[in-house]
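This report refers to the structure that appears directly beneath it.
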Amino acid sequence: MSSLKPVKKENLSVKVYNEIRNALINGQYEPGERLIIGELAAEMGVSITPVREAIFRLISEQGLEMQAATAVYVPYVNSEKLREIQQIRFHLEGMGAAEAAKNITRKQLDNLIALQKEFISCTSTDPKRASALNRKFHFSILEASNKPILRATVESFWVITGPILKVFHIKTAGLDYSTDEHRHEAVLTALIARDPEAARTAIQADLVWGGQIMIDWLVEKEKEQQFLSATPRK
């Protein structure tokens, strides 16, 4: 169970929704983990009603799923669904990076450079922190695009994939990018040059690389599960 912050009384449904949504984006829950409405309410210091409203909103957005009348789970994202999400992100985040190249400020660019430096420093030692920094890097580009609808749309996919992205970074723990050029570097180069098409191509290359690793991992897990299901028990 992750630790959620207490919520103040005003606008409870929205605040509870944002808190749980951010927890999903941040990978604080595992795929398949069950969320108990009463426990969430007690953890955040609110009544059951705003938690229930937030849960049903997230279910409608596919961030959570209900398997029975009161059984709410973090969904497993299979390889087919992840592939579809990655295809959509490919186009939308490509557009976001191109727009960011036109609109990014010096302060935003310096922030991205600092984020990448910290990301590289902890990829081999702290996969949880690396995952958070990777997400922040992508979100910062979307923020710099000045396209709020685009940003909100892309964030909705991160709600669904947050748990599996955390697994991905744990899976690749130990990778050391300090001596090689990470794909984010090409994104930064394009943004510094204010080259929209280069920025689009660079972020898309990053998404293809990372997405394929996650998809391949899921495919192998699904094959293992199929084998175990087909193997007679002794």
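Minimum heavy-atom separation, Gly96 to Leu150: CA-CD2, 3.5 Å. Considering every non-hydrogen atom in both Ala54 and Val16, the closest pair reads CB-CG1, 3.7 Å. Here the shortest heavy-atom pairing between Ala205 and Arg183 reads O-CD, 4.1 Å. When every heavy atom of Asn134 is checked against every heavy atom of Phe119, the shortest pair comes out as CB-CE1, 3.9 Å. A pairwise comparison of heavy atoms in Pro75 and Gly63 identifies CD-O, 3.3 Å as the closest pair. Of all heavy-atom pairs spanning Ala41 and Ser47, the tightest one is CB-O, 3.7 Å.
Taking 4.5 Å as the limit, every side-chain heavy atom of Lys136 sits out of range of all side-chain heavy atoms of Phe139. Counting heavy atoms from C-beta on, the side chains of Glu155 and Arg21 come closer than 4.5 Å.
Tyr76 and Leu82 are not part of a single hydrophobic cluster, where members link through side-chain heavy atoms under 4.5 Å apart. One hydrophobic cluster, built from ILVMFWY side chains closer than 4.5 Å, holds both Tyr29 and Leu58. Leu40 and Val72 fall within a single hydrophobic cluster, where Ile, Leu, Val, Met, Phe, Trp and Tyr are joined by side-chain heavy atoms under 4.5 Å apart, directly or via other members. Residues Val219 and Ile85 fall within the same hydrophobic cluster, defined by Ile, Leu, Val, Met, Phe, Trp and Tyr side chains chained together at heavy-atom separations under 4.5 Å. In the hydrophobic clustering of this structure, Tyr17 groups with Phe157; members are Ile, Leu, Val, Met, Phe, Trp, Tyr whose side-chain heavy atoms approach within less than 4.5 Å, directly or through other members.
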Pair Met44, Ile20 - check side-chain contact (heavy atoms from CB on, under 4.5 Å), show working. CA-CA 10 Å; Met44 289 184 280; Ile20 299 173; 4.1 Å; yes

Worked check of side-chain contact (heavy atoms from CB on, under 4.5 Å) between Leu142 and His138: CA-CA 7 Å; Leu142 292 170; His138 284 263; 5.6 Å; no

Leu165 and Met214: CA distance, side-chain angles, deciding distance, side-chain contact (heavy atoms from CB on, under 4.5 Å) verdict: CA-CA 8 Å; Leu165 284 168; Met214 289 187 288; 3.4 Å; yes

Assess whether side-chain contact (heavy atoms from CB on, under 4.5 Å) is satisfied between Ile164 and Leu218, documenting all intermediate values. CA-CA 9 Å; Ile164 195 65; Leu218 279 172; 4.0 Å; yes

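The existence of a salt bridge linking Arg57 and Glu61 is confirmed by a sub-4.0 Å separation between a basic side-chain nitrogen and an acidic carboxylate oxygen.
The closest side-chain donor-acceptor pair between Arg83 and Gln86, if any, does not fall under 3.5 angstrom.
The salt bridge (Lys or Arg N to Asp or Glu O under 4.0 Å) analysis of residues 193-219, with sequence neighbours excluded, yields the pairs Glu197-Arg200.
Taking the six-membered ring where tryptophan is involved, the planes of His182 and Trp209 are perpendicular, since the angle between them exceeds 60° and thus also 30°.
Atom NZ of Lys107 is separated from atom CG of Asn111 by 8.5 Å, given to the nearest 0.5 angstrom. The structure places CD1 of Ile203 at 4.0 Å from CD1 of Ile141, a figure rounded to the nearest 0.5 Å. Rounded to the nearest 0.5 angstrom, Asn22 CG and Trp158 CH2 are separated by 13.0 Å. Taking CD1 of Ile160 as the start and CD of Gln62 as the end, the distance is 5.0 Å to the nearest 0.5 Å. A distance of 7.0 Å separates NZ of Lys147 from CG of Asn103, quoted to the nearest 0.5 Å. How far CD of Gln108 is from OG of Ser145: 9.0 Å, rounded to the nearest 0.5 Å.
Glu65 places no side-chain N or O within donor-acceptor distance of the main-chain N or O of Tyr73, the cut-off being under 3.5 Å. With Asn78 contributing its side chain and Glu80 its backbone, the two residues share a donor-acceptor pair below 3.5 Å. A donor-acceptor pair under 3.5 Å is absent between the side-chain atoms of Thr201 and the main chain of Ala198, judged by distance alone. Checking side-chain atoms of Glu222 against main-chain N and O of Ser79 turns up a donor-acceptor pair under 3.5 Å.
For Phe137, the ring-ring contact (aromatic ring centres under 6.0 Å, His included) partners at least two apart in sequence or on another chain are His184. The salt bridge (Lys or Arg N to Asp or Glu O under 4.0 Å) search around Arg135 returns none, not counting sequence neighbours.
Summarising the local packing, NZ of Lys81 is surrounded by more than 12 heavy atoms from other residues, nucleotides or ligands at distances under 6.0 Å.
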